[in-house]
Amino acid sequence: MNSKPKILYHGSQRHIESGVIRPMPAHRNNMKTKVTAVFATSNFARAKNYACMRVIAYGLKSPIENDTLYVHTLNPDISGKKAYVYELDSDGFELDVGNSYYSLIDKPIKKETIIDVMQEIQEGRIKVYVLKPEINCPPDRADIWEELVKDKDNFELYKPNTNSVNMSVLAQSMKGGRF
């Protein structure tokens, strides 16, 4: 028997002041059409990763693990940005594929956790791998992206605390018109 957890988490790059998360159009796992729903997970780290991913990257991005992101193009303005994880009661949610949940109705927020995105990266709680500038993947080619993500050598670890070659990834992204 599959029992639903009492608490679910919704990650967002937006601060929700109304105290209610409203259904929004989004793609459900393994579907090409959008569904208007509130999406959530039972895994806090996964919700945090999703929320931070939206702040960290432009274009194609993939959360591979609870603490690792692979991104096509890094957002040049991460510093000072916040992400949010909202705790929700699981009543009214249905299980989706991939162990996520969805609800077709508004969901009141029980608790809000504010995340300093750059601090998460600097302290190693989120590792961000940026596509190397010499690797060509048009932003509209999710099929190519899926193959690239399978090989970590296509990416370079973003290290914001250094002036190493890792910062060159951001500079190359900006010069190469990837924004």
Side-chain angles (χ1 to χ4, degrees), residues 1-75 77-129 139-143 145-150 158:
M1 185 172 124
N2 204 2
S3 63
K4 181 169 45 173
K6 182 74 179 136
I7 301 298
L8 295 175
Y9 304 96
H10 174 85
S12 179
Q13 76 276 22
R14 292 185 197 96
H15 184 241
I16 300 171
E17 295 182 18
S18 68
V20 175
I21 299 176
R22 302 196 190 296
M24 296 186 70
H27 291 281
R28 283 180 52 195
N29 292 332
N30 301 326
M31 291 185 71
K32 295 190 187 272
T33 59
K34 289 187 176 184
V35 174
T36 300
V38 174
F39 292 90
T41 178
S42 60
N43 184 317
F44 179 88
R46 186 172 166 202
K48 178 185 79 167
N49 196 5
Y50 178 82
C52 291
M53 172 180 72
R54 300 290 197 170
V55 173
I56 292 168
Y58 288 123
L60 297 168
K61 46 202 165 268
S62 298
I64 300 303
E65 300 162 9
N66 289 335
D67 67 346
T68 306
L69 297 174
Y70 288 84
V71 304
H72 186 273
T73 306
L74 192 64
N75 180 345
D77 187 25
I78 301 170
S79 186
K81 298 289 183 177
K82 305 291 186 219
Y84 306 88
V85 176
Y86 299 102
E87 185 177 298
L88 311 170
D89 189 307
S90 66
D91 289 343
F93 278 92
E94 298 294 325
L95 184 61
D96 194 4
V97 291
N99 290 325
S100 63
Y101 295 84
Y102 68 97
S103 172
L104 302 177
I105 61 171
D106 293 356
K107 300 305 294 180
I109 296 168
K110 293 179 67 140
K111 180 181 173 186
E112 172 188 77
T113 302
I114 301 171
I115 299 154
D116 182 314
V117 176
M118 185 57 82
Q119 185 176 357
E120 292 292 305
I121 296 169
Q122 290 171 332
E123 295 180 5
R125 290 188 293 270
I126 294 179
K127 295 172 203 73
V128 179
Y129 290 89
D140 62 343
R141 293 295 306 270
D143 57 327
W145 178 253
E146 289 175 21
E147 287 302 312
L148 289 172
V149 170
K150 292 177 183 176
Y158 171 57

Taking the side chain as every heavy atom from C-beta outward, state whether F44 and V85 have any atom pair closer than 4.5 Å. yes

Go through the side-chain N and O atoms of R54 and Y50 and say whether any donor and acceptor fall under 3.5 Å apart. yes

Sub-4.5 Å side-chain heavy-atom contact between P23 and D106: yes

When you check the gap from the basic side-chain N to the acidic O, do D67 and K127 get nearer than 4.0 Å? yes

Straight-line distance of L88 CG to H10 NE2, nearest 0.5 Å: 7.5 Å

Rounded to the nearest 0.5 Å, how far does NZ of K111 lie from OH of Y86? 13.5 Å

Using side chain to side chain contact (heavy atoms under 4.5 Å, CB included), reason through M24 and V38 one step at a time and then give a plain yes or no. CA-CA 6 Å; M24 296 186 70; V38 174; over 6 Å; no

What's the separation between atom CD1 in I121 and atom CD1 in I126, rounded to the nearest 0.5 Å? 6.5 Å

Please report the closest heavy-atom contact between N43 and Y9, naming both atoms and the distance. C-CD1, 4.0 Å

Considering all heavy atoms of both residues, which atom of P5 and which atom of S90 are nearest to each other, and what is their separation? O-OG, 2.5 Å

Exercise: identify the closest heavy-atom pair between V20 and I16: O-CG2, 3.4 Å

Do E94 and Y101 come close enough that some side-chain heavy atom pair is under 4.5 Å? no

So H15 and E112, do their side chains get closer than 4.5 Å, heavy atoms only? yes

Heavy-atom pair with the smallest gap, counting every atom of E147 and K150: OE2-NZ, 3.0 Å

With a 4.5 Å heavy-atom cut-off, do Y84 and T113 have their side chains touching? no

Calculate, to the nearest 0.5 Å, the distance between atoms CD and CG belonging to Q122 and D116 respectively. 7.5 Å

Taking F93's backbone N and O only, do any of them form a donor-acceptor pair with K4's side chain (distance below 3.5 Å, no angle check)? yes

Interatomic distance, F39 atom CZ to Y102 atom OH [nearest 0.5 angstrom]: 8.5 Å

Spacing of K82 atom NZ and C52 atom SG [to the nearest 0.5 Å]: 10.5 Å

Do K110 and D89 touch side chain to side chain, with heavy atoms closer than 4.5 Å? yes

